[in-house]
Amino acid sequence: MLELGQIKIPVGDADRFGDEWDRLKEITAKKLKINPENMRKYEIYKRSIDARNKPDIFFVYSVRFQTSDEETVLKKNRRNKNLRQVKNPVKYEAKLTQLRGRDERIVIAGSGPAGLFAAYALSLRGLNPVIIERGAPMEERIAEVESFWKTGVLNEESNVCFGEGGAGTFSDGKLNSGVKDSDGAKRFILETFVRFGARREILYDAKPHIGTDVLRNVIINMRRAMERQGVTFFFHTKMSGIMQRDGKLTGILVEQENALSRGVSPFEELYSEDAIECDRLILAIGHSARDTFELLHDDGIEMSSKAFAVGVRVQHLQSDIDRAQYGISEKDNLPAAYYKLTGKSSEGLGVYSFCMCPGGYVVNSSSESGYLVVNGMSDADRDSGYANAAIVVTVNPGEEVFAGLEYQRELERAMYTLSDGQIPVQRYVDFKSESDGSGVGKLLRNQPAVKGLWTYADVRSALPDDIATAVCDAIDQFGKKIQGFDSDDTLILGLESRTSSPVRIVRDEESMQSNSLSGLYPCGEGAGYAGGILSAAMDGMRVAERICSEIIEKQ
């Protein structure tokens, strides 16, 4: 297989964004002086944007293809440093040999990316796990979340954090990950998303993005496919305890309120109203399952405190970010511009932008009554007209297991009290000068683009001094990198506190099992082993692979 990189197409000359395949093939053939008909399995491998020399902006592509005489093509183009021969990519599907596993009793707690892809990988190998999910199936969950945003009435069991698809469903839907793809798992996940309804561009965009509106349908389609394979889903079913004997897992206790079952399990006779017997439990509970963290700790499961970050959301007009990043007032067929920024506070604290949402919304993502937390979300088209991102400060809470969790709660409670549960909004000029700035709404050029009820409030007053100072230091620094980032009308919205799990459920990295209990497999973001949709899905698949290896060894 050959790869040709650094194919540049000026933005002004490009076809509509996303409709470039035929033109690229023609350019490739011309550059390499070969017949296009001799190129087989031609595909776009990577696409990025080069905006270093504003306003001259280019789409930059790498393409891959096969031809009957690769050595001749390489020899003819030996001076072309952007042409190289590559090995055929590793295919994750190659390891999906069928197993005799109908008697394997596997339960997965949580239907976020880690849980879903663990189940999907197991189902493709002939195993039939049961997924329990404390929240609602997607169709019901969407209605509940939208009702919460309109009324402020929270369902603590089914919300932005809990329910089919996990917290990532109501987020920006970015599919970036720094995890190496040595076994083709990352590509497999992206191809799975495409198979179930995502845009094909996520396979090659340098910053792939699925969008919450598309992701919802993808997850529904994925669930239906798994049901046909034999996977059973229990919604409105929360794990309430661990059953164990002699250091080995024997099952889980559950609480079911208006439980909804989807599919038929091969070990259904082992269910009762309040328990499910099983040999293996994949724990994919997400970073907000605080009550589950506490019950696991009470059951003697080893856990540790871990660093995370807290701060606020900032919002700008997307057109201002586009102008700063692209250097042009009209961005033609360019996507909404993105940024990623890092800095240090005057006190030496690490500060950075997190989960930047071009063309997105700030959403109320609370999961406990009396506590308020926000996140960023965007649809596939990123067309809200506003850009937001978290500006967060690294926090090292100490060695006590739940020190970080309690710190999060303390801040979320203060922010809830400040604004009576609504998203508090403050102009940066007021945040910086410690003035609440109430009553200036009609003067704002930058109006809040939020999902949920909101109000003007003194966001800074509900933050610790070191966090507030660090946020100010960072925004001022970032204003030197992106013009207008520190403008008076930049909006501050609080509170961003769930950047990652504040605890780690300790596991042995070879067996992928808890150090405390055989048969318990902590995984994903909630267990402290991932950070985002893609890395959580990959971790779930790693656990599934480990279980399959154990079954093969046993057989």
Can you find a pair of side-chain heavy atoms, one from [X] and one from [Y], that are under 4.5 Å apart?
X    : Y    : answer
I49  : Y326 : yes
M512 : D539 : yes
N128 : E104 : no
R280 : I551 : yes
R40  : S68  : yes

Please output the side-chain donor-acceptor pairs of residues 282-289 that fall under 3.5 Å, not counting sequence neighbours, one pair per line with the distance.
from : atom 1 : to   : atom 2 : distance (Å)
H287 : NE2    : R498 : O      : 3.4
S288 : OG     : R498 : NH1    : 2.8

* To do: Would you please test R64 and E70 for salt bridge (Lys or Arg N to Asp or Glu O under 4.0 Å) and show each step?
  => CA-CA 12 Å; R64 287 185 172 182; E70 294 184 0; over 6 Å; no
Contact summary for [X] and [Y], nearest pair of heavy atoms:
X    : Y    : result
Q325 : A51  : O-CB, 3.7 Å
A537 : I189 : CB-CD1, 3.6 Å
L127 : C548 : CD1-SG, 4.1 Å

Nearest 0.5 angstrom please: [X] [atom1] to [Y] [atom2], how far?
X    : Y    : atom1 : atom2 : answer
N77  : K31  : CG    : NZ    : 10.5 Å
E525 : I533 : CD    : CD1   : 9.5 Å
Y361 : S384 : OH    : OG    : 5.0 Å
L190 : R195 : CG    : CZ    : 11.0 Å
F170 : C161 : CZ    : SG    : 10.5 Å

For [X] and [Y], indicate whether the former's side chain and the latter's backbone hold a donor-acceptor pair under 3.5 Å.
X    : Y    : value
N35  : E37  : yes
R141 : V160 : yes
S353 : L341 : yes

inquiry  = If we count only N and O atoms by modelled type, under 3.5 Å, do the side chains of Y529 and E509 hold a donor and an acceptor together?
reply    = no
Notebook entry, point to check: Is a side-chain donor-acceptor pair under 3.5 Å present for S111 with E133?
Noted result: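 Yes, S111 and E133 have a side-chain donor paired with an acceptor closer than 3.5 Å.
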* Picking from L249, I108, I132, what satisfies side-chain contact (heavy atoms from CB on, under 4.5 Å) with L281? ->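 Going through L249, I108, I132 one by one, the side-chain contact (heavy atoms from CB on, under 4.5 Å) with L281 is satisfied by L249 alone.
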Q: Taking the six-membered ring for Trp and the full ring for Phe, Tyr or His, determine whether the centres of F117 and F193 are under 6.0 Å apart.
A: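 Yes.
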Exercise. Kindly state whether the ring of Y339 and the ring of F485 have centres lying under 6.0 angstrom apart.
Key: yes
Notebook entry, point to check: So does K75 pair up with E71, basic N to acidic O under 4.0 Å?
Noted result: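 Not counted as a salt bridge, because no side-chain N and carboxylate O are separated by less than 4.0 Å.
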* Asked: Between R199, K174, R47, which is the residue that forms a salt bridge (Lys or Arg N to Asp or Glu O under 4.0 Å) with D205?
  ->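 Filter result, single survivor: R47.
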